[in-house]
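A note on names: the letters A, B, ... follow the listed sequences, proteins ahead of strands, and every chain is numbered from 1. Quick caveat, the model's predicted, so the values are computed rather than measured.
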Amino acid sequence: MIAVYFKGLMHTFPLFLKGLWVTILVSGVSLLAGTLLGVICGILRTVKKWGISKIMGFYADYMRGVPFLVHIFIIYFILPEVGIQLDPFPAATIALTIYAGAYISEIVAAGILSVPKGQWEAATAYGLNPFQRLRYVIFPQAIRVILPPLVGEYVLLVKDSSIVSVIGLTDVTRVGWLTVQRIPEGLMVFGLVGILYFVVCYPMIHLSHYLEEKVSYESH
Amino acid sequence: MLEHFSFRVIGQYLPLFLKGLWATCWISGISIFFALIIGVVACGMRLSKNKFFQKLAGIYIESIRSTPLLAQLYFFYFGLPSLHVNLNEVQTGILALALNSGAYIAEIVRAGIVSIPHGQVEAATAYGLNYFQRMRYIILPQALGVTIPALLGQFIVLVKDSSLVSLISVLELTRAGQLMASERFMPAEGFFTVAAFYLLIYYILKYLSNWWQNRLIYMEGH
């Protein structure tokens, strides 16, 4: 019986690869957009004026406190009530972008704040405007603190993208869920799903560790 | 249509939400309890001199950290019956949550233990303490103090992750919101209420974490 199931599973393997492609696509797009959003919000978070950092703080807290599953239900089921109908793919991308943006903003803010205050003052004395200060003085130093946790956050993003399967996006988790209805061998089917995620995430985790070691080595 | 936001219906469903909140709390509580045990054991294995235990713990930690919780949950939910292990949905959920968090806790505890200067271990050995005494009286008390904020952070993640067990039809907070959304066609009321309850749990845990961190700083200063 197991052999029959295994054959059936091999038969559906192209579907798994398609699902993996959807996973990579949805997390890749949200990764880029989320990084952009996160960098902007992270910079805003360090602005100590007009309560901007408070608002950004609440944004980060909200995303840290509310499960991604609830978040995606809010985007997918509540936005239509105010007249915005979204297909699963854009809904998933937007949800993941906003979600990852919050975490990345905290990482970026921590990186910026790790640069000693004297650097800011020196850059100002040098006659640089705020944009130049960030671009040429602060970011090159902050990036060493930012990069390792940023890659770690990307791993979380890929893993969290599995949850978008609940709104009907056919990513690799949903392919597994559909397959298990026909091939009732959960260990085999989701073992395969797990292996496919592993192939993507494991190298990323190691990249993060490598960067971490490199940064701590260089600072010595 | 959000101008028709109905607090009256939320009031009607409040008992369901409270039931869900309670379920979320105790499922997370039991899961973190088992996760702590699994995490400390896995960490002990990883730091042990035995190569086999080291490898075993390494495989466990790496494979959990490289795959999503949802895939792990389905793995147990659809997979255990073919091994003739019959757990109900709640037990399956707790199993998946505890195993998932255990891997992260193992790494947190390891970071705490590694952060203790080696001189402490040497001094304890010179004092004539054996391995368990060293762990019990010297290493763990110091390691745990440093790791408690990180552990609370992991607990926050666990509470959020517990929302996934609603997908295998366990009645908890998220499921309560889903029920209200589908029975009354009121997704806004349902999911915003759920979000508010999760935020409540989050802020309590965050407050605890900050309080402990300040206490640590205070203790180190004195």
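If you take CG on B:Leu199 and CZ on A:Arg64, they are separated by 13.0 Å, rounding to the nearest 0.5 Å. Considering CG of A:Leu69 and CG of B:Leu173, their distance stands at 11.0 Å, rounded to 0.5 Å.
In terms of heavy-atom pairs under 4.5 Å with chain A, the best-connected choice from B:Leu205, B:Leu70, B:Leu200 is B:Leu70. Counting heavy-atom pairs closer than 4.5 Å to chain A, the top-ranked of the candidates B:Leu83, B:Leu167, B:Val194 is B:Leu167. Heavy-atom pairs under 4.5 Å with chain B peak, among A:Cys201, A:Ser161, A:Gly65, at A:Gly65.
Residue contact with chain A, scored on non-hydrogen atoms closer than 4.5 Å, is absent for B:Gln72. The contact between A:Ser165 and chain B is made entirely by side chain atoms (from C-beta outward), counting heavy-atom distances below 4.5 Å. Contacts of B:Ser162 with chain A are absent, with no heavy-atom separation under 4.5 Å from either backbone or side chain. With a threshold of 4.5 angstrom between heavy atoms, A:Ile205 approaches chain B through side-chain atoms but not through N, CA, C or O. For a residue to count as touching a neighbouring chain, one of its non-hydrogen atoms must lie under 4.5 Å from one of that chain's; by this rule A:Asp61 touches chain B with backbone and side chain alike. Only the side chain of B:Ser82 comes within contact range of chain A, with at least one heavy atom under 4.5 Å from a heavy atom of that chain. Only the side chain of B:Tyr203 comes within contact range of chain A, with heavy atoms under 4.5 Å apart. The parts of B:Leu164 that come within reach of chain A are both its backbone and its side chain, each placing non-hydrogen atoms under 4.5 angstrom from that chain.
The aromatic rings of B:Tyr74 and A:Phe190 are tilted relative to each other, their planes meeting at an angle between 30° and 60°.
Using a 4.5 Å heavy-atom threshold, the side chains of B:Phe78 and A:Trp177 count as touching.
Residue-level contacts of residues 57-68 of chain B with chain A, in order of numbering, are B:Glu62, B:Ser63, B:Arg65, B:Ser66, B:Thr67, B:Pro68; threshold 4.5 Å between heavy atoms.
Residues B:Ala71 and A:Val193 share a closest heavy-atom pair of CB-CG1, 4.1 Å. Contact between A:Phe73 and B:Thr174 at its shortest, heavy atoms only, is CE1-CG2, 4.2 Å. What you find for A:Tyr62 and B:Ala195 is that their closest heavy atoms are OH-CB, 4.0 Å.
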- Show your working on side-chain contact (heavy atoms from CB on, under 4.5 Å) between B:Phe192 and A:Ile74 and close with a plain yes or no. CA-CA 8 Å; B:Phe192 281 140; A:Ile74 287 177; 4.0 Å; yes
- Where do B:Lys160 and A:Phe68 land on the side-chain contact (heavy atoms from CB on, under 4.5 Å) test, with the steps shown first? CA-CA 8 Å; B:Lys160 286 169 64 178; A:Phe68 183 66; over 6 Å; no
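Within a 6.0 Å sphere centred on CZ of B:Phe53, other residues, nucleotides and ligands contribute 12 heavy atoms or fewer.
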